[in-house]
Engineer: 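Before we start, here is the structure in question, set down as structure tokens.
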Amino acid sequence: MSRARAIRAPWLATLCRALAACSAALVVAGAVGAQQIEKPRIQPARVAGQVIVGGYSGIAGFVIGRFVAEGVSGLVGVENETATRRLGFVGGVIGGGLATAGVVYGIGNMGDQTGDFDATYLGTGVGFVAALGIARMVLGPDGRPREGMSTSARWASANVIALLPAIGATIGFNSTRRFK
């Protein structure tokens with residue numbers, strides 16, 4: 001194992017533990033705060049649904065947004081391949097962000113609860129920036145798994161990267177959660 005990979009692996013584990021600890025602290029603080037200011041109690045099944053369904057709908061939104069943006073760039077006459085890829089990435093980020101925030105907000109608004117969409121979308125953006133940072137750290141600047149990276153490490157990193165925007169959106173929504 002190269003020295004860079006040996007340094008990077010503990011970094012990733014530490015970062016994941018820190019994110020999990022922050023999320024747990026926010027959930028606990030939210031539960032305590034909910035009792036003090038009469039917020040609805042946090043429901044673990046709802047939070048899990050927001051994170052899991054929001055994360056994977058974000059992937060679908062990214063793919064659709066990228067496809068649409070690349071198609072539109074071809075229709076307007078963009079011939080530069082690099083420009084088309086960059087426009088596709090921007091379209092994917094917008095589509096994935098809207099899909100993630102929309103699903104998290106929709107699940108959160110079920111029943112007698114509501115929250116703020118702006119905070120949900122902001123949380124999606126913060127999670128996406130964190131996901132980009134982890135992707136750069138783990139995968140490198142080209143965004144491809146390094147040679148020798150195990151299949152389980154690839155899947156684990158892909159899932160962490162995919163779920164971070166939904167975790168951010170869930171934290172954003174639940175920080176503004178209230179009764180309707």
Engineer: Among residues at least two apart in sequence or on other chains, which ones pass side-chain hydrogen bond (donor to acceptor under 3.5 Å, both in side chains) with T151?
Structural biologist: none

Engineer: Do the side chains of F128 and V93 get nearer than 4.5 Å, heavy atoms only?
Structural biologist: yes

Engineer: Identify whether M149 and V160 are in the same connected component of the hydrophobic contact network (ILVMFWY, side-chain heavy atoms under 4.5 Å).
Structural biologist: yes

Engineer: Name every donor-acceptor pair, under 3.5 Å, that has one atom in a side chain of residues 57-70 and the other anywhere in the protein, sequence neighbours excluded.
Structural biologist:
residue, atom, partner, partner atom, Å
S57, OG, V53, O, 3.0
S57, OG, G54, O, 3.0
R66, NE, E70, OE2, 3.2

Engineer: How far does CG of L164 sit from CD1 of I134, to the nearest 0.5 angstrom?
Structural biologist: 5.0 Å

Engineer: Does atom CZ of R86 have more than 12 heavy-atom neighbours, drawn from other residues, nucleotides or ligands, at distances under 6.0 Å?
Structural biologist: no

Engineer: Any side-chain heavy atom of L163 sitting closer than 4.5 Å to one from Y56?
Structural biologist: yes

Engineer: Taking atom CZ of R85 and atom OG of S73, what is their separation to the nearest 0.5 Å?
Structural biologist: 11.5 Å

Engineer: So, taking the atom named CZ in F117 and the one named CG in L98, what distance separates them when rounded to the nearest 0.5 Å?
Structural biologist: 6.0 Å

Engineer: Would you mind reporting whether I167 and Q50 have side-chain heavy atoms less than 4.5 Å apart?
Structural biologist: no

Engineer: Mind checking whether V78 and V76 have side chains closer than 4.5 Å, heavy atoms only?
Structural biologist: yes

Engineer: Please identify each residue that fulfils side-chain hydrogen bond (donor to acceptor under 3.5 Å, both in side chains) with Y121, with sequence neighbours left out.
Structural biologist: none

Engineer: Can you run down the salt bridge (Lys or Arg N to Asp or Glu O under 4.0 Å) pairs that involve residues 42-51, sequence neighbours left out, and say none if there aren't any?
Structural biologist: none

Engineer: Could you tell me if the side chain of I161 sits less than 4.5 Å from the side chain of L139, heavy atoms only?
Structural biologist: yes

Engineer: Quick test of your reading: applying side-chain hydrogen bond (donor to acceptor under 3.5 Å, both in side chains), list the pairs with at least one residue in residues 89-106, sequence neighbours left out, ordered by first then second residue.
Structural biologist: Y105-N109

Engineer: Once side-chain hydrogen bond (donor to acceptor under 3.5 Å, both in side chains) is applied, what residue pairs with a partner in residues 162-173 remain, sequence neighbours excluded?
Structural biologist: none

Engineer: With rounding to the nearest 0.5 Å, note down the distance linking OG1 in T176 to CD1 in I171.
Structural biologist: 12.0 Å

Engineer: What closest approach, in Å, do Q113 and K180 show between heavy atoms, and which atom pair accounts for it?
Structural biologist: O-CE, 3.0 Å

Engineer: To the nearest 0.5 angstrom, please state how far the NZ atom of K39 sits from the CZ atom of R178.
Structural biologist: 9.5 Å

Engineer: Which atom names give the shortest non-hydrogen contact between S157 and V138, and what distance separates them?
Structural biologist: CB-CG1, 4.0 Å

